[in-house]
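Basis for what follows: all heavy atoms, side chains included, without hydrogens, waters or symmetry-related copies. FYI, the numbering just counts along the sequence from 1.
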Amino acid sequence: MKRIACFALSLTLALLCAGCKTEEPAPSEDIGVLRYDGIYCYIADFDYNGLTNNYALRFYEDGSVIHTSVEQRKKDSTYFPSQSWFNKENEYYATLLGTYQLSGGAITLTTFRPEGSVDYQGSVLADKLVLDSHSNINGHEVAGTQYIFFPFDELHG
């Protein structure tokens, strides 16, 4: 009986000590840095009306963010919001400023429209954001939307 008790105690200690020696996982190489020199854009597929929407987010170092959508009718069009009008100095976007917070590779943000707000949460990865969203306007939820980063100096709009 003593042997069984000692064996059980030894096994328990070995398992506990094995857990003590585990190393912390290495940080993911995919964690990126939020960029301010362009836009993060999600391009939806063409819908039944023959339209596609570019949804764009632009971030500022002061913790503000703006959002817009641009409809397109031509497939393979390269139309994106322009730096000249898609900025918080534009009177239209100045009234719709949202906010964001970063914590490591995680991001939370709220964008505004005249009808209400949309909340997002997700990850900042290398040259993209992966976001889940919840509309406070109509309750619509979307998971895993990828917003790809496009620098302004490479965009033609």
Side-chain angles (χ1 to χ4, degrees), residues 18-157:
C20 296
K21 294 180 183 179
T22 59
E23 296 179 21
E24 289 186 33
S28 171
E29 293 179 23
D30 288 339
I31 293 176
V33 175
L34 190 67
R35 295 186 56 183
Y36 309 104
D37 61 329
I39 60 172
Y40 288 88
C41 192
Y42 167 69
I43 302 172
D45 289 333
F46 278 85
D47 65 14
Y48 61 92
N49 291 319
L51 294 175
T52 188
N53 288 292
N54 292 344
Y55 296 97
L57 295 164
R58 182 172 181 186
F59 294 89
Y60 292 86
E61 293 180 62
D62 66 0
S64 58
V65 59
I66 56 176
H67 174 268
T68 195
S69 64
V70 178
E71 291 181 346
Q72 298 179 194
R73 290 199 177 272
K74 294 181 184 175
K75 197 158 181 79
D76 301 323
S77 176
T78 57
Y79 185 75
F80 290 94
S82 167
Q83 183 177 13
S84 65
W85 60 262
F86 186 49
N87 60 66
K88 68 181 187 174
E89 290 77 27
N90 179 322
E91 187 177 310
Y92 176 76
Y93 292 106
T95 63
L96 302 175
L97 281 179
T99 59
Y100 71 91
Q101 295 83 37
L102 292 170
S103 178
I107 187 168
T108 57
L109 58 133
T110 301
T111 61
F112 293 93
R113 299 177 50 170
E115 302 87 3
S117 63
V118 178
D119 297 321
Y120 300 82
Q121 65 180 12
S123 302
V124 179
L125 304 176
D127 292 325
K128 71 179 172 183
L129 304 174
V130 179
L131 300 174
D132 299 337
S133 63
H134 171 80
S135 171
N136 298 309
I137 302 164
N138 60 17
H140 186 69
E141 294 190 359
V142 180
T145 304
Q146 293 190 27
Y147 285 76
I148 307 300
F149 181 77
F150 295 92
F152 280 124
D153 61 2
E154 294 179 13
L155 294 178
H156 306 289

Peer 1: Heavy atoms, side chains only, cut-off 4.5 Å: are L129 and L34 in contact?
Peer 2: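 In contact.
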Peer 1: Taking the side chain as every heavy atom from C-beta outward, state whether Y40 and Q146 have any atom pair closer than 4.5 Å.
Peer 2: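 Heavy-atom side-chain distance check fails, nothing below 4.5 Å.
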Peer 1: Check whether any side-chain heavy atom of L102 lies under 4.5 Å from a side-chain heavy atom of V124, and answer yes or no.
Peer 2: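 Yes - at least one pair of side-chain heavy atoms lies under 4.5 Å apart.
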Peer 1: Can the positive tip of K88 be found less than 6.0 Å from the middle of the six-membered ring of Y60, inside 45° of the ring normal?
Peer 2: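 K88 over Y60 ring: yes.
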Peer 1: Could you tell me whether the side chain of Q101 reaches within less than 4.5 Å of the side chain of I107, counting heavy atoms only?
Peer 2: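 A side-chain contact under 4.5 Å is absent here.
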Peer 1: Does a side-chain heavy-atom distance below 4.5 Å link I148 with D127?
Peer 2: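 No; the side chains remain at least 4.5 Å from each other.
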Peer 1: Please examine the side chains of T111 and L96, heavy atoms only from C-beta on, and report whether any two atoms are closer than 4.5 Å.
Peer 2: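 Contact flag for L96/T111 side chains = no.
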Peer 1: Counting distance only, does the side-chain N/O of R58 pair as donor-acceptor with the main-chain N or O of F86 below 3.5 Å?
Peer 2: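 Side chain of R58 to backbone of F86: a pair is present.
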Peer 1: Using 0.5 Å steps for rounding, measure from the CD1 atom of I137 to the NE2 atom of H134.
Peer 2: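 One finds 10.0 Å between CD1 of I137 and NE2 of H134.
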Peer 1: Between D132 and V142, is the side chain to side chain contact (heavy atoms under 4.5 Å, CB included) condition met? List the steps.
Peer 2: CA-CA 6 Å; D132 299 337; V142 180; over 6 Å; no
Peer 1: Give a yes-or-no answer on whether the side chains of Q121 and T108 include a donor-acceptor pair shorter than 3.5 Å.
Peer 2: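 Side-chain D/A pair, Q121 to T108: absent.
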Peer 1: If you count every heavy atom of other residues, nucleotides or ligands that lies below 6.0 Å from Y92 atom OH, does the total exceed 12?
Peer 2: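 Check fails, neighbour count at 12 or below.
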Peer 1: State, without any angle test, whether Y93 and T68 hold a side-chain donor-acceptor pair at a distance under 3.5 Å.
Peer 2: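 T68 and Y93 do have a side-chain donor-acceptor pair below 3.5 Å.
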Peer 1: Going by the angle between their ring planes, with limits at 30° and 60°, are Y147 and Y120 parallel, tilted or perpendicular?
Peer 2: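 It falls in the perpendicular class, over 60°.
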Peer 1: How close do S117 and T110 get, counting heavy atoms only, and between which atoms?
Peer 2: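 Looking at all heavy atoms of both residues, the closest pair is CB-CG2, 3.8 Å.
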Peer 1: At their closest point, which heavy atom of E61 faces which heavy atom of Y100, and how far apart are they?
Peer 2: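 So the minimum-distance heavy-atom pair works out to CA-OH, 3.9 Å.
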Peer 1: Are there more than 12 heavy atoms of other residues, nucleotides or ligands under 6.0 Å from atom CD of E91?
Peer 2: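 Atom CD in E91 is not packed in, count stays at 12 or less.
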Peer 1: What I'd like to find out is whether the side chain of L109 reaches to under 4.5 Å of the side chain of L57, using heavy atoms alone.
Peer 2: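 When only atoms from C-beta onward are counted, L57 and L109 do touch, with a gap below 4.5 Å.
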Peer 1: For a side chain to side chain contact (heavy atoms under 4.5 Å, CB included) check, start with the C-alpha distance between Y55 and H67, then their side-chain angles and the critical distance, and finish with the verdict.
Peer 2: CA-CA 7 Å; Y55 296 97; H67 174 268; 4.0 Å; yes
Peer 1: Is Y42 close to N54 at the side-chain level, that is, under 4.5 Å between some pair of heavy atoms?
Peer 2: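 Of all side-chain heavy-atom pairs linking Y42 with N54, none is under 4.5 Å.
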Peer 1: Taking N90 for the side chain and W85 for the main chain, is one N or O donor matched with an acceptor at less than 3.5 Å?
Peer 2: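 Present.
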Peer 1: Would you confirm whether D37, through its side chain, and P151, through its main-chain N or O, come within 3.5 Å as a donor-acceptor pair?
Peer 2: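 Answer holds: no.
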Peer 1: Taking S135 for the side chain and N138 for the main chain, is one N or O donor matched with an acceptor at less than 3.5 Å?
Peer 2: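 Looks like yes, one N/O pair under 3.5 Å.
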Peer 1: Under the side chain to side chain contact (heavy atoms under 4.5 Å, CB included) rule, what do F112 and T99 come out as? Steps first, then yes or no, please.
Peer 2: CA-CA 9 Å; F112 293 93; T99 59; 5.6 Å; no
Peer 1: Could you pull out the closest heavy-atom pair between I39 and A56, with the gap in Å?
Peer 2: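 In terms of heavy atoms, the two residues are closest at CD1-CB, 4.1 Å.
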Peer 1: Begin with the C-alpha distance, continue with both residues' side-chain angles, and end with the deciding distance and a verdict on side chain to side chain contact (heavy atoms under 4.5 Å, CB included) for V118 and S133.
Peer 2: CA-CA 7 Å; V118 178; S133 63; 4.1 Å; yes
